[in-house]
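Here the structure is laid out as C-alpha cells; the discussion comes afterwards.
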Amino acid sequence: MDKAILTLKDEHRSISAILLGLKHLATMAQDARVKPEFQVFRSMLRYIDEYPEKLHHPKEDEHLFARLLQRAPATKALVDGLQAEHVKGAELIRELERKLMFFEEGWPAGGREFLQAVDAYADFHWKHMRKEENELLPLAEKHLTADDWRAIDRAFAQNQDPITGIEERDFQKLFSRIANIAPAPVGLGDPWKKAPA
Ligand SMILES: [Fe+2]
Ligand SMILES: [Fe+2]
C-alpha cells in the first residue's frame, strides 16, 4: 500500500482514538457526583479541532483530492461532498466548544447537552473517515499515477502547517499529554473525584 495512504489511515486512527476517549469521558460525566477535570476535555477538543484542521484536511484537499479530480473528473461529487464535510466539521467543533464552556461554567448542568454534541460530532467524523477510506481511497488507488503518488508522498511526509509552523510532533506531544491526564480507562491520569451519594 502507498505510504501516503498508510499515513492518512494512521491519522484517522489517532483522531478516532481521541473521539472514543472523549465519548467515554463525556458519558462518565453524566453522573452529577463526578466532577470532571475540564482540562482533559479542553485538550481533547483542541486535538480534534487542530489536528484535522491544520495537518490532515489540508493534505487531503490540496494534494490527494486535487490530483484525483484531475485524473478522474467523475469523482467530483464525492470530493465536493468530502470537502463540504471538512467545513461542516469545523462548525460542529465550534458548537462542541460552546457546549463545553456552558458545562464547565454551569456544572453539573449542561452535561447532557455536551454529551449530545460529542455524540453528534463523533458520528459525523467517523462517517466522514469511513467514506474517505471505503470510497475515495479505492478510487485514488485506481486512477492516480506513480508520479502522483510520489508528489503526494512528499507532501504528506512534510507534515507541517506552513503558516503556523505546527508539526506532527506537536500533536504527538498533545496526544501523550491527553493519555497522561485522562482518567482510566481512557488514560493514566488520576480518577475524577466522586462525591458520596
Ligand atoms: Fe477528510
Ligand atoms: Fe481524513
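From a predicted model like this one, the values you see are computed outputs, not experimental measurements. Whatever order the structure lists ligands and atoms in, that order sets their numbers, starting from 1. One is the number of the first residue; the rest follow in order along the sequence. In what follows, every heavy atom counts, from backbone to side chain, and hydrogens, waters and symmetry copies are set aside.
The list of ring-ring contact (aromatic ring centres under 6.0 Å, His included) pairs with a residue in residues 65-97, not counting sequence neighbours, reads H57-H86, F65-H86, H86-H128.
Protein N/O/S atoms closer than 2.8 Å to the Fe ion (ligand 1), listed by chain and residue number, are E60 OE1, H86 NE2, H128 NE2, E132 OE2.
With sequence neighbours left out, R42 forms a side chain to side chain contact (heavy atoms under 4.5 Å, CB included) with F38, Q39, L100, E104. Under the side chain to side chain contact (heavy atoms under 4.5 Å, CB included) criterion, N134 pairs with R130, not counting sequence neighbours.
Considering only heavy atoms from C-beta on, I5 comes within 4.5 Å of D2 through its side chain.
If you look at W192 and F41, their ring centroids are closer than 6.0 Å.
Figure legend: cation-pi geometry between K99 and F114 absent, as NZ or CZ is not positioned both under 6.0 Å from the six-membered ring centre and within 45° of its axis.
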